[in-house]
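Down below is the structure, laid out as structure tokens.
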2 protein chains.
Amino acid sequence: MRRQMTEMLKGTLEGIVLGILSGRPAYGYEITARLREMGFSEIAEGTVYALLVRIEQRGFVDVEKHPSEKGPPRKVYSLNVQGQAHLEEFWRTWGFLAERLEELHEGGR
Amino acid sequence: MRRQMTEMLKGTLEGIVLGILSGRPAYGYEITARLREMGFSEIAEGTVYALLVRIEQRGFVDVEKHPSEKGPPRKVYSLNVQGQAHLEEFWRTWGFLAERLEELHEGGR
DNA sequence: TACTAGTACATAGTAACACAGAGTAGTGGC
DNA sequence: GCCACTACTCTGTGTTACTATGTACTAGTA
């Protein structure tokens, strides 16, 4: 992946995944697929799993195991109340940053 | 600084500083001050100087030393052609990310 | 049986970057 | 002499996404 995007994803990827989960519960493989659909074609699978472990440990999601027709059981993640709060905080932080960058970009032209 | 913002700044702070320099040349202390004016009140001084060293080493800026009326000489950084190109690339990357996040945020409500 | 592909999760090691904190230097005012 | 302000430098730390690799289960197919 391009270095610039890699760095920019630090801090935002977590929010993106929480955002995906806010719609409805999902499991790792599914989340990876959705990210690819969204255009983040180069996000490594391992990255997503590591992130899911992290947000689980921080208590932002609840986890349930569901058997899969094909392959090993799925770990289905759903956003809980703390996760919802964290996501809202994420949107606020993102909003602030996006505003500043918008201003800067406007001014630079 | 809040952890969330710290992580989000990774990768974007470089673009912000290049954006500031695209307006006109500036020195480290001045850039720090401008960032604070913009609302990034908690960005550490050391962070800005380290970033400036990095973009100098990557050849995005030209540097000139100017004596100061108060304090040690200033290192004035100005964006060169490569820096300009890198900044444009930054805006493209940022634009992509911002669009995706916008969609996600809209969809989540 | 052996293989391939697709699904699904996990982890060890690495690089990049913002931070905290401390330090060095110069000027001017009290 | 001491403090405040200006201006830059450096060392060590934590977080995060990446690469690379591995495990495990199913279905198809030759």
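We use all heavy atoms of the structure for the numbers below, so side chains are in, but hydrogens, waters and symmetry mates are not. Proteins come first, then strands; the chains are lettered A, B, ... in the order of their sequence lines, and each starts at number 1.
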Task: Out of D:dC8, C:dA18, C:dC17, whichever nucleotide has its closest atom nearest the side chain of B:Tyr27 - done: D:dC8

Open item on the list: Is it the case that atom CD in A:Glu89 sees more than 12 heavy atoms from other parts of the structure closer than 6.0 Å?
Closed with: yes

Task: Pair of N/O donor and acceptor under 3.5 Å linking C:dA16 base with A:Lys10 side chain - done: yes

Open item on the list: Please find the pair of heavy atoms, one from B:Leu21 and one from B:Leu79, that lie closest to each other, and give the distance.
Closed with: O-CB, 4.2 Å

Task: Closest to the A:Leu13 side chain, choosing from C:dA8, D:dA17, C:dA18 - done: D:dA17

- [ ] Considering just the side-chain nitrogens and oxygens of A:Arg54, establish if one lies under 4.0 Å of OP1 or OP2 belonging to D:dT15.
- [x] no

- [ ] Examine C:dC17: is either OP1 or OP2 under 4.0 Å from a nitrogen or oxygen in the side chain of B:Arg58? Give yes or no.
- [x] yes

- [ ] Verify the contact: side-chain N or O of A:Thr47 to OP1 or OP2 of D:dC18, cut-off strictly under 4.0 Å; return yes or no.
- [x] yes

- [ ] Figure out the OH/P separation between B:Tyr77 and D:dA7, and round it to whole Å.
- [x] 14 Å

- [ ] Would you tell me if any nitrogen or oxygen in the side chain of B:Ser68 comes within less than 4.0 Å of OP1 or OP2 on D:dA7?
- [x] yes

- [ ] Would you kindly give the CD1-to-P distance between B:Ile55 and C:dA16, to the nearest whole Å?
- [x] 17 Å

TODO: Would you kindly compare B:Gly46 and B:Glu69 by the position of their nearest DNA chain C nucleotide and give the one closer to the 5′ end?
DONE: B:Gly46

Task: Pair B:Thr93, A:Gln4: side-chain N/O donor-acceptor within cut-off below 3.5 Å - done: yes

Open item on the list: Please confirm whether the shortest side-chain N or O distance from A:Tyr29 to OP1 or OP2 of C:dC9 is below 4.0 Å.
Closed with: no

Open item on the list: Please tell me if B:Arg3 has a side-chain N or O lying less than 4.0 Å from either OP1 or OP2 of C:dA18.
Closed with: no

Open item on the list: Whole angstroms only, please: what is the CE-P distance between B:Met8 and D:dT15?
Closed with: 17 Å

Task: Salt bridge A:Arg24-A:Glu30, side-chain N to carboxylate O under 4.0 Å - done: yes

Open item on the list: Looking at every non-hydrogen atom in both residues, tell me the closest pair between B:Lys65 and B:Lys75 and how far apart they are.
Closed with: CE-CG, 3.8 Å

- [ ] Nearest whole angstrom, please: distance from the C1' of C:dA15 to the CD of A:Gln4.
- [x] 16 Å

Task: For atom CG of B:Leu51 and atom P of D:dC10, their distance in whole Å - done: 16 Å

Task: N/O donor-acceptor pair, side chain B:Lys70 with base D:dT6, under 3.5 angstrom - done: no

Open item on the list: Students often mix this up, so state it plainly: with edges at 30° and 60°, are the rings of A:Phe96 and B:Phe40 parallel, tilted or perpendicular?
Closed with: perpendicular

TODO: Identify, between B:Glu14 and A:Arg74, the residue whose nearest nucleotide on DNA chain C lies closer to the 5' end.
DONE: A:Arg74

Task: Rounded interatomic separation in angstrom, taking CD from B:Glu45 and C1' from D:dT9 - done: 10 Å

Open item on the list: Both A:Pro73 and B:Val53 contact DNA chain D. Which one's nearest nucleotide lies toward the 5' end?
Closed with: B:Val53

Open item on the list: Rounded to whole Å, please give me the gap between CD in B:Glu64 and C1' in D:dC8.
Closed with: 18 Å

Task: Proximal nucleotide (of D:dA17, C:dT11, C:dA18) relative to the A:Tyr49 side chain - done: C:dT11

Task: Atom-pair distance (CE on B:Met5; P on D:dT15), nearest Å - done: 19 Å

